[in-house]
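Throughout, a chain's letter reflects where its sequence line sits, starting with A, and its residues are numbered from 1.
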Amino acid sequence: MSTYKSDFLKVLAERGFIHQVSEPDQLDQLAASRPITAYIGFDCTAASLHIGSLLPIMMLYWMQQTGHRPIALMGGGTTRVGDPSGKDESRKILTDEQINQNLTGIRAVFSKFLKFEDAGGSAIMANNADWLNGLNYIDFLRDVGRHFSVNRMLSFDSVKMRLERQHELSFLEFNYMILQAYDFVELHKRYACDLQMGGSDQWGNIVNGIDLGRRMENAQLFALTAPLITTASGAKMGKTAAGAVWLDANLVSPYEYWQFWRNTEDGDVVRFLKLFTILPLAEIERLGSLKGQDINEAKKVLATEATAMVHGRDTADRAAETARQTFEEGAAAATLPTIEIPSAELAAGIGVLVAFQRAGLVASTSDARRQVKGGGLRVNDAAVSDERMTLDASALIDGAIKLSLGRKRHVLLKSV
RNA sequence: GGACAGGUGCCCGAGUGGUUAAAGGGGACGGACUGUAAAUCCGUUGGCUUAGCCUACGUUGGUUCAAAUCCAACCCUGUCCA
């Protein structure tokens with residue numbers, strides 16, 4: 001498996017990033033002989049990226065670490081159309097303003113992993129709006145469209161599946177692969193980009209780009225895809241009760257982010273350590289040999305290391321310490337997520353149901369009521385049995401009231 | 001443009017006049033058991049000022065004591081025909 005000569009492919013292979021590679025020997029040779037340039041495309045439909053994008057980001061990270069040049073391509077142009085592959089969810093057409101706003105948010109995430117040109121590094125951030133927005137339909141058809149054979153496009157799995165199941169495939173969607181192929185060629189022209197990476201579902205689209213590159217530019221381009229990551233029990237990664245696990249500290253606090261990784265299933269620990277941390281493989285192997293209860297040590301390392309990648313070492317250590325105090329000492333660590341309540345309001349007394357709702361632990365007071373019935377709510381570690389209970393200043397311990405939902409989720413209520 | 005089929009809660013999917021906040025499953029959350037794991041079992045799964053009230057079965061109107069269920073128009077989706 002890791003018969004690769006280039007550091008780049010060797011590292012990716014050893015860590016489990018590789019699902020498929022086109023012309024592996026040739027690419028390996030190229031990467032061993034000179035720095036190569038590769039890109040991955042990202043949607044900018046949201047203001048931040050979530051765990052799902054972490055894998056591709058890590059691929060770009062390793063690329064830069066092994067001496068190559070990564071390009072993060074923002075889908076500013078393709079987002080304007082809206083990715084049609086997501087079923088019938090109302091494809092919100094985002095305004096250019098929103099897209100640009102999202103771009104800056106996403107860029108902030110990337111800068112944690114990659115050194116961009118303006119920061120003295122080699123990484124490039126590109127936006128396909130730069131070349132897609134100005135396209136002229138007829139010109140595009142003549143220059144690019146003529147290289148696409150519909151016969152061949154129809155043979156792609158993604159298309160074939162739709163046709164066989166007699167599901168509609170819109171023309172827009174049919175064109176999506178052409179635009180993506182064009183992106184690849186455009187990046188090759190602009191930045192001498194050699195390689196496109198992506199999730200395994202992108203294989204067909206990437207291969208299209210390779211094909212177009214050969215026809216239009218007589219260029220040899222390459223494809224590399226990563227496996228689809230699911231948890232050991234088969235679920236898609238990255239969703240929790242609160243929704244997506246975002247990489248932005250304002251959307252998901254570093255403590256919660258740490259907790260996400262801490263709660264990894266046993267069977268996933270080693271795989272995740274390889275993919276989502278930069279620990280040496282020897283260290284990962286040692287952690288992976290831990291059995292039974294001891295595997296929790298490995299999970300803590302995973303959590304701290306993964307959090308450090310996104311939020312920084314200090315923040316990660318603090319999250320680990322908060323968790324230690326909360327779970328191992330049963331104390332109310334002062335660094336738990338906190339919400340503030342005006343002291344006057346607290347003095348007047350605030351209903352437990354409302355308090356939990358404000359803390360974001362329950363969605364509604366009805367939800368809170370249900371949780372009380374199920375014995376899921378605790379105030380200062382004492383179960384709430386009366387939904388009419390009110391909290392006031394007398395419940396403060398060291399200036400805070402600890403609200404808990406279940407065993408794991410805690411929020412401090414502080415009076416201001 | 002025409003002919004069919006269909007639009008139900010987070011998702012899938014039953015339900016064809018009243019006991020339906022809507023079967024069943026999935027997911028999610030809580031409880032028990034554990035190791036902040038998995039598996040398993042139990043409970044919950046629209047909102048509110050909760051022994052009550054309000055809102056909900058594509059939209060809007062109508063029939064009826066009573067509608068997710070019947071009628072009409074419209075919107076949307078799929079299949080087939082032009």
Ring-ring centroid check A:W261 A:F276, cutoff 6.0 Å: yes
Within residues 285-296 of chain A: residues closer than 4.0 Å to RNA chain B (heavy atoms): A:G292, A:Q293, A:I295, A:N296
Sugar-phosphate only, base, or nothing, as touched by A:S364 at under 4.0 Å among non-hydrogen atoms: sugar-phosphate
Touch class at under 4.0 angstrom, heavy-atom based, for A:E387 against every strand present: nothing
Watson-Crick and G-U pairing of RNA chain B written in dot-bracket, each distance under 3.5 angstrom, with | for inter-strand partners: ((((((((.[[[..)..(.....]]]((((((.......))))))(((...)))...[[[[[..)....]]]]]))))))).
Rounded distance [0.5 Å steps], CZ in A:R215 versus NE2 in A:H147: 7.5 Å
Donor on one side chain, acceptor on other, A:D183 and A:W131, under 3.5 Å: yes
Pairing of A:R318 and A:E321 as salt bridge, 4.0 angstrom limit: no
Side-chain donor-acceptor pair present, A:T335, A:T322, cut-off under 3.5 Å: yes
Flag side-chain contact, heavy atom, 4.5 Å: A:K299 against A:D266: yes
Side chains of A:K291 and A:I295 in contact at under 4.5 Å (non-hydrogen atoms): no
Touch class at under 4.0 angstrom, heavy-atom based, for A:T326 against every strand present: nothing
Nucleic acid contacts - residues 372-386 of chain A versus RNA chain B, non-hydrogen atoms under 4.0 Å: A:G374, A:G375, A:G376
Side-chain donor/acceptor pairs under 3.5 Å, residues 396-408 of chain A, sequence neighbours excluded:
| unit_1 | atom_1 | unit_2 | atom_2 | d |
| --- | --- | --- | --- | --- |
| A:K402 | NZ | A:D381 | OD1 | 3.3 |
| A:S404 | OG | A:H410 | ND1 | 2.9 |
| A:K408 | NZ | A:N263 | OD1 | 3.3 |

For residues 367-374 of chain A, tabulate all N or O donor-acceptor pairs below 3.5 Å that involve a side-chain atom, not counting sequence neighbours.
| unit_1 | atom_1 | unit_2 | atom_2 | d |
| --- | --- | --- | --- | --- |
| A:D367 | OD2 | A:A363 | N | 3.1 |
| A:R369 | NH1 | A:E387 | OE2 | 3.2 |

Sugar-phosphate only, base, or nothing, as touched by A:R407 at under 4.0 Å among non-hydrogen atoms: sugar-phosphate
Selected nucleotide, minimal atom distance to A:R370 side chain, candidates B:rG30, B:rA37, B:rG46: B:rG46
Near-strand residues of residues 297-321 of chain A, defined as heavy-atom separation under 4.0 angstrom from RNA chain B: A:K299
CD1 on A:I350 to CE on A:M389, rounded to 0.5 Å: 12.0 Å
A:Y182 and A:E186: side chain donor to acceptor below 3.5 Å: yes
